[in-house]
**Student:** 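Provided herewith is a single structure, encoded as structure tokens, for subsequent inquiry.
Every chain is numbered from 1, with letters handed out A, B, ... down the list of sequences.
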There are 2 protein chains.
Amino acid sequence: MPTLADVGKAAGVSRGTVSNVFNRPELVRPELRQRVEAAARALGFGGPDPKGRLLRHGKFNSIGFMPPGAYAIADVMRSPYGRELVLGVSLACDEAGVTLSLVNGTDNTRIASIREALVDGFILGHSADIGLITSAQRRRLPFVILESDAGPDINSIKIDGRSGAVAAVRHLTGLGHRHFAILSVRRTSGPPIVHMPGQAKRPLLAGFSLDDERLDGFRQGLTEANLSIDDVPIIETTPGDPSAGAMVFDCVPEATAILTMSDWQAITILDEAVRRGIDVPGHVSVIGFDGTAESARTTPPMTTVAQDVIGKGRLAARMILDNAAPRQIVLPVELVVRASTAAPRAKIR
Amino acid sequence: MPTLADVGKAAGVSRGTVSNVFNRPELVRPELRQRVEAAARALGFGGPDPKGRLLRHGKFNSIGFMPPGAYAIADVMRSPYGRELVLGVSLACDEAGVTLSLVNGTDNTRIASIREALVDGFILGHSADIGLITSAQRRRLPFVILESDAGPDINSIKIDGRSGAVAAVRHLTGLGHRHFAILSVRRTSGPPIVHMPGQAKRPLLAGFSLDDERLDGFRQGLTEANLSIDDVPIIETTPGDPSAGAMVFDCVPEATAILTMSDWQAITILDEAVRRGIDVPGHVSVIGFDGTAESARTTPPMTTVAQDVIGKGRLAARMILDNAAPRQIVLPVELVVRASTAAPRAKIR
DNA sequence: ACAAATTCTTGGAGCGCTCCAAAAAATGGG
DNA sequence: CCCATTTTTTGGAGCGCTCCAAGAATTTGT
């Protein structure tokens, strides 16, 4: 690979002049410029190597997006939520002329990935893995953490998940529902976990306050209607688990309303309902979370706790690009009522 | 920002030793290592700066994905096809432990983006913009171009779009359809363009052989049924144009079958049909292209010319990662018949 | 206790570039 | 034609790191 110096030698000029030909051509006499360009062409030199420039300037012009917890970038792309989030981030990146790096990393390589990533800042998916945070802090790069409880000196953005969860339950109890099932998220890999009433519940998972907060919202909503979350079966599946729907219908046939943690999960349930010929919302109501575009196009269109996912991604990118003082932002949610929820079926089934 | 040398000075050792502490700790005496680590901590040194390593090694450990033509990364994320493509690419990247950079660029900055991108190779979306190709070649980095006719010394992957288009038409003519509309893609920004029979057709667009090839497949399929593509209205909309459905129904009400260039477009039509209370496939048949996951979940589930988009993305990434001799790959397509196509409505409407 | 073998540590070289102050060349005015 | 200006060109410095050959320190064997 020829370098600036090689081209300079070939054209009988200095390194600096060749650099000027490529970066500030107006500074160099036309005749000389052409000679240099000819030499460059002859050597197959395709312009200054970005590596050098990078080292000089110290800017990558890139922000990194790191998926949460145990997920790979591929999982992010599979999830409606993840896609909209990346879309939002990419929107801000497009505007700023900055590259978006999807930084992957398995549990054990993730910290190294943060240490090595060629980016000027990070967006960390929803897991306040303390290791990740300290790793990001060490790099002294701006970063934002999503959907996690982070300290006051850390950029963070989250939605008001608790209120959303409360609103979801209120909507359903308002319709008359008394028999619920909750489809929650398993944050480690493995098969679904079923918590039936009476059994001990999953301990709070450090770092995934997101789930705990929503669960707590469900609890509160149920309490308001004189119901107890302890009587509600909770099923945990990994986010993309296609068997989630089957698990719910098999384990909690008596439920007339199913609360979920994401549109993705709710879609799984809707798909399974179609497969089994179960009528939604006639036989069972289903409520999603996130309000992604997909939720509007399911059959039937889904009732969901909507947030502005794209806006969130965009905001996260902007926070990094602006690199201002750390802020903790809580975004509102809104219950969007569509056709996947209705009054419960008559008791006689 | 402290450097290796700073830490070295603080700990009373050389630059090289500090580097060893971080990269090959087993080489340095435990006692000394601890002293260095303490000094690093005291200085707030978070490990060797990746910039330096990069310069030394010359590898970015990243491959770049550049969207085609006039599209930004955000557009890619919006399109079902684009998402699956990126998903496929990210799958291969995840496996290889490589970062995926979504390189954006408007028409005029795109060439510069290629020149500057901090990547070891490129995947270029479906537009054989000659400038892009030469720009990529100049960098002497491996690259793959998608869905374009490229020379034999260039990596390329495309599907057999012509066969797919022929199969789509055969399916519909086999059902008895004689009145078609084609929803094609406008590759420049702007409002839809309507080509009614008798008018001059759009000239072939250099670089978007993808469209031309499919159009030619439609032509061939129609010819086989003694129909002429010249009698078929062709509407061109930008890929994400939500008005596409309305345009088709408004401009070609007599059509009993609508051929499209993508699932995304077909979804637009299906959405508009719902809005207008038009029965699909009772009143009109709609056929998509790409066979994305979304196509299976529309109402009704969509008949579409399916390709393995994820596999294609994965393959593209692998070609770059492997950096073998250039290959031109043509992937098969398969008509997936679902419920959006049926025999045409009776003449009397 | 001494030479030989082994383990650690060092600092120069070099990755490719851009910046910049200074030198060189060209231009202009009288 | 000479000197003051202006325009071009130059090459050293430095970005932060890793590699590596060579030197220093330590351990081992007899």
**Student:** Take the protein atom NZ of B:Lys51 and the nucleotide atom P of D:dT18, then report the distance between them rounded to whole Å.
**Tutor:**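 After rounding, the reported distance stands at 13 Å.
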**Student:** Would B:Phe60 and A:Phe60 count as a close aromatic pair, with their ring centres under 6.0 Å?
**Tutor:**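 No, the ring centres sit 6.0 Å or more apart.
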**Student:** Quick one: is B:Ser19 getting a side-chain N or O under 4.0 Å of the D:dC17 phosphate, OP1 or OP2?
**Tutor:**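 For D:dC17, neither OP1 nor OP2 has a side-chain N or O of B:Ser19 closer than 4.0 Å.
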**Student:** Any idea how B:Phe22 and B:Phe45 line up, ring-wise: parallel (<30°), tilted (30 to 60°), or perpendicular (>60°)?
**Tutor:**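 It falls in the perpendicular class, over 60°.
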**Student:** So if I take every side-chain heavy atom of B:Arg15 and compare against C:dC15, C:dG12, C:dT9, which nucleotide ends up nearest?
**Tutor:**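 So the side chain of B:Arg15 is nearest to C:dG12.
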**Student:** Nearest-Å distance, CD (A:Glu31) to P (D:dT8)?
**Tutor:**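 It is 12 Å, rounded to the nearest whole Å.
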**Student:** Rounded off to whole Å, could you give me the NZ-to-C1' distance for the A:Lys9 and C:dG16 pair?
**Tutor:**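 Spelled out: NZ on A:Lys9 to C1' on C:dG16 is 14 Å.
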**Student:** In whole Å, I'd like the distance from the CG atom of B:Asp49 to the C1' atom of C:dC15.
**Tutor:**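 Taking atom C1' of C:dC15 as the reference, CG of B:Asp49 is at 15 Å.
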**Student:** Under 4.0 Å between any heavy atoms, over every strand shown, what does B:Arg33 touch: base, sugar-phosphate, or nothing? Just pick one.
**Tutor:**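 If one applies the 4.0 Å heavy-atom cut-off, B:Arg33 turns out to touch nothing in the nucleic acid.
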**Student:** Remember a base hit wins even if backbone is also touched, and classify A:Thr17 as base, sugar-phosphate or nothing at under 4.0 Å, heavy atoms.
**Tutor:**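 Base, at least one base heavy atom under 4.0 Å.
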**Student:** On DNA chain D, compare the nucleotides closest to B:Pro48 and B:Asn20; which residue's is nearer the 5' end?
**Tutor:**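 By nearest-heavy-atom nucleotide position, the 5'-most residue is B:Pro48.
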**Student:** Specify the residue among B:Glu26 and B:Arg56 whose closest nucleotide of DNA chain C lies further upstream toward the 5′ end.
**Tutor:**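 The residue closer to the strand's 5' end, by nearest nucleotide, is B:Glu26.
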**Student:** If I take atom CG in residue A:Leu4 and atom P in nucleotide C:dC15, what distance separates them, rounded to the nearest angstrom?
**Tutor:**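 Going from A:Leu4 (CG) to C:dC15 (P), I get 13 Å.
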**Student:** Check the surroundings of atom CZ in B:Arg138: do more than 12 heavy atoms from other residues, nucleotides or ligands lie under 6.0 Å from it?
**Tutor:**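 Open.
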**Student:** Measuring from the side chain of B:Ser14 (C-beta onward, heavy atoms only), which nucleotide among D:dT9, C:dG11, C:dC19 has the closest atom?
**Tutor:**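 Within the option list, the nearest is C:dG11.
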**Student:** Roughly how many Å is it from CG in A:Leu27 to P in D:dT6, rounded to a whole number?
**Tutor:**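 The answer, rounded to whole Å, is 17 Å.
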**Student:** Looking at B:Lys158, B:Lys312, B:Gln307, which hits side-chain contact (heavy atoms from CB on, under 4.5 Å) with B:Leu331?
**Tutor:**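 The residue from B:Lys158, B:Lys312, B:Gln307 that satisfies side-chain contact (heavy atoms from CB on, under 4.5 Å) with B:Leu331 turns out to be B:Lys312.
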**Student:** Could you check whether A:Phe45 gets within reach of a base, just the sugar-phosphate, or nothing at all, counting any heavy atom under 4.0 Å?
**Tutor:**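 Sugar-phosphate: the residue A:Phe45, judged by heavy atoms under 4.0 Å, touches backbone atoms but no base.
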**Student:** Whole-Å distance between C:dG16 P and A:Phe22 CZ?
**Tutor:**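 Rounded to the whole Å, the gap is 15 Å.
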**Student:** Hey, are A:Ser62 and A:Ser101 close enough side-chain-wise for a donor-acceptor pair under 3.5 Å?
**Tutor:**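 The criterion, which ignores hydrogens and geometry beyond distance, is satisfied for A:Ser62 and A:Ser101.
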**Student:** Please state how far atom CD in A:Glu116 lies from atom P in D:dC17, giving the value in whole angstrom units.
**Tutor:**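 So the two atoms are 12 Å apart, to the nearest Å.
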**Student:** With a 4.0 Å cutoff (strictly under), does any side-chain N or O of B:Arg24 reach OP1 or OP2 of D:dC19?
**Tutor:**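 For D:dC19, OP1 or OP2 has a side-chain N or O of B:Arg24 closer than 4.0 Å.
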**Student:** From D:dC17, D:dT10, D:dC19, pick the nucleotide closest to the side chain of B:Arg53?
**Tutor:**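 Looking only at heavy atoms from C-beta outward on B:Arg53, the closest nucleotide is D:dC17.
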**Student:** Select base, sugar-phosphate, or nothing to describe what B:Leu54 touches, counting heavy atoms under 4.0 Å on all strands.
**Tutor:**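 B:Leu54: no heavy atom of the nucleic acid under 4.0 Å.
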